[in-house]
Structure formats: C-alpha cells, structure tokens
Amino acid sequence: MAVAAAGMAGAWGRPVLAAGDEPAPNAISPDEALQRLMDGNARYAANAPMPKDYAAGREARVSAQHPFASILACADSRIPPEIVFDQGPGDLFVVRVAGNFVNDDLLASLEYGSAVLGVPLLMVLGHSGCGAVDATIKVIQQGAELPGHLPGLAKALEPGVQKAIDAKPANLLDAATTENVRANVARLQAATPVVAELVASGKVKVVGAVYDIATGKVSMI
Ligand SMILES: [Zn+2]
C-alpha cells in the first residue's frame, strides 16, 4: 500500500526524498511536529513570539517547501494559524474553511501536503465562538434557514453537532465545537487510500485541538 502514496507523489511532482538526498527539514516525527506547534502557541499566548525575518529563506523557498504541519482551521479571521503557532512562511500547510470540516477538495489538499511534501502532522483546529458551528446548532434545533450556500456547510457539520446535542452538555456550543473536531479527525484518519495508509504506517498523525480566542491558547482534545 505504501507504493500507492509514493506513486502519487511521483505523479504530482517531486518526491519527498529522492535517492541520495539529505533528509528534508520537515522529516521529523509527528510528535516532534506537535511539540513544535505547541511551543509556538505558548510563545504566541505569552505575547513573546520569536523575532521574524521574512526575507531570510526567500531564495530557498523558491525551489521547495518543507512544511512540518498541516492545519485544517476555520476561516474565522481571529485564528490565523501562522500567527497562533508563531511560525513563518513555509512552515505550515494551511487549509481553511468555515467550520473546519473535511470535504473531498480539502482532503485532496491535505493528501498533497503529506504524500508529496512529507508533512508528518495533521491538526484539525476548532475554536471558541465558532459562528459556523453555532449556525448549525440553530438549523438543527430551531429549523433556522440559512442563505446562499450555507445550508450545505451546515449539513457538513451536522454529524458532530448532532452528537453534542444528543449528549445534552452544559455548554452546547463548546461541546459541538469539540465533537465537530473529533468527527473530522476520525474522517481524516480513515481517509483511504493516502492519509489512512500514512497513519497506519506511523509516518503521519492526525490530532484535534481547539483554540480559545480569549486566551490565545490551543488545547488538545
Ligand atoms: Zn469558526
């Protein structure tokens, strides 16, 4: 099965590691990648980010990218992943959509990140006060009608949100946000053939987390 991902990498572009190459800068373990993310978030939350030189590495970035984590985050303007994790250009492979859920196009992007670019960690990142999750709760509980293409988005969030509603939690929005992250972590872990295979081989880990807008802190769930 490992051949499938390698073959796809060849078809999509440059393989992660050609024979004779030095290991890529992002050839680290999923756990190390997670530690790097959480250390960056601790700096951000403490308002003590690393000094940034955006010109440094520009030339190297022309020919390659070596992101060490993929982040599936909400489109909400308050949670820019590079800032929240105190990272620079080329560090994170970011996919954003309101409600941070996986569909086939977003999955394809994440597959590219891990199979071709060698990203070892995928994080689904929900956040406090998510309008997309809140709207989905109102659709389910009150039959709210959403305009434009939003009904399709609410439909995508329904499995996790419904699970939270069924559990009758004290804080439904928080619980629904968490369950939505869990549902999409599970979907990614089971996403055959590419991500599921990389997860099974231990090369890639999928984790879920929630960002608290009030504190700036990311908590694993
Ligand atoms: Zn949101």
Side-chain angles (χ1 to χ4, degrees), residues 34 37-38 40-45 47 49 67 69-87 91-110 113 119 121-189 191 195 206-221:
L34 180 58
L37 277 184
M38 299 312 277
N41 177 247
R43 292 193 300 273
Y44 166 74
N47 201 25
S70 286
I71 314 289
L72 170 58
C74 184
D76 193 294
S77 63
R78 297 166 291 181
I79 48 160
E82 282 86 353
I83 296 175
V84 163
F85 293 109
D86 191 30
Q87 300 298 322
D91 290 333
L92 301 180
F93 194 79
V94 176
V95 176
R96 296 181 72 175
V97 62
N100 43 267
F101 66 95
V102 187
N103 67 13
D104 283 354
D105 296 319
L106 303 176
L107 174 59
S109 296
L110 294 168
V119 174
L121 181 76
L122 274 59
M123 176 182 278
V124 180
L125 182 63
H127 68 97
S128 61
C130 184
V133 172
D134 191 46
T136 304
I137 291 171
K138 291 187 167 73
V139 167
I140 296 174
Q141 288 195 322
Q142 302 162 23
E145 289 189 19
L146 303 177
H149 291 75
L150 284 169
L153 193 145
K155 192 86 196 155
L157 302 190
E158 226 180 81
V161 173
Q162 185 64 57
K163 192 169 180 192
I165 289 172
D166 293 345
K168 300 183 172 45
N171 186 324
L172 179 54
L173 181 55
D174 285 355
T177 298
T178 299
E179 288 303 337
N180 179 53
V181 169
R182 285 199 178 118
N184 284 285
V185 167
R187 165 134 199 239
L188 277 176
Q189 286 170 332
V195 176
V206 184
V207 298
V210 173
Y211 174 72
D212 183 345
I213 292 173
T215 64
K217 287 184 182 161
V218 170
S219 302
M220 304 302 298
I221 57 171

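We count ligands from 1, going down the list as the structure has it; atoms in each ligand are counted the same way.
Without hydrogens or angle criteria, Asn41 side chain to Gly216 main chain gives a donor-acceptor distance under 3.5 Å. With Asn180 contributing its side chain and Val161 its backbone, the two residues share no donor-acceptor pair below 3.5 Å.
Listed by chain and number, the protein N, O or S atoms at a distance under 2.8 Å from the Zn ion (ligand 1) are Cys74 SG, His127 NE2, Cys130 SG.
Residues that satisfy the side chain to side chain contact (heavy atoms under 4.5 Å, CB included) test with Ala183, not counting sequence neighbours, are absent from this structure. The salt bridge (charged side-chain N to carboxylate O under 4.0 Å, His left out) test applied to Asp134 returns Lys138, not counting sequence neighbours.
Using a 4.5 Å cut-off on side-chain heavy atoms (C-beta onward), Asp91 and Glu82 make no contact.
The side-chain hydrogen bond (donor to acceptor under 3.5 Å, both in side chains) analysis of residues 139-157, with sequence neighbours excluded, yields no pairs.
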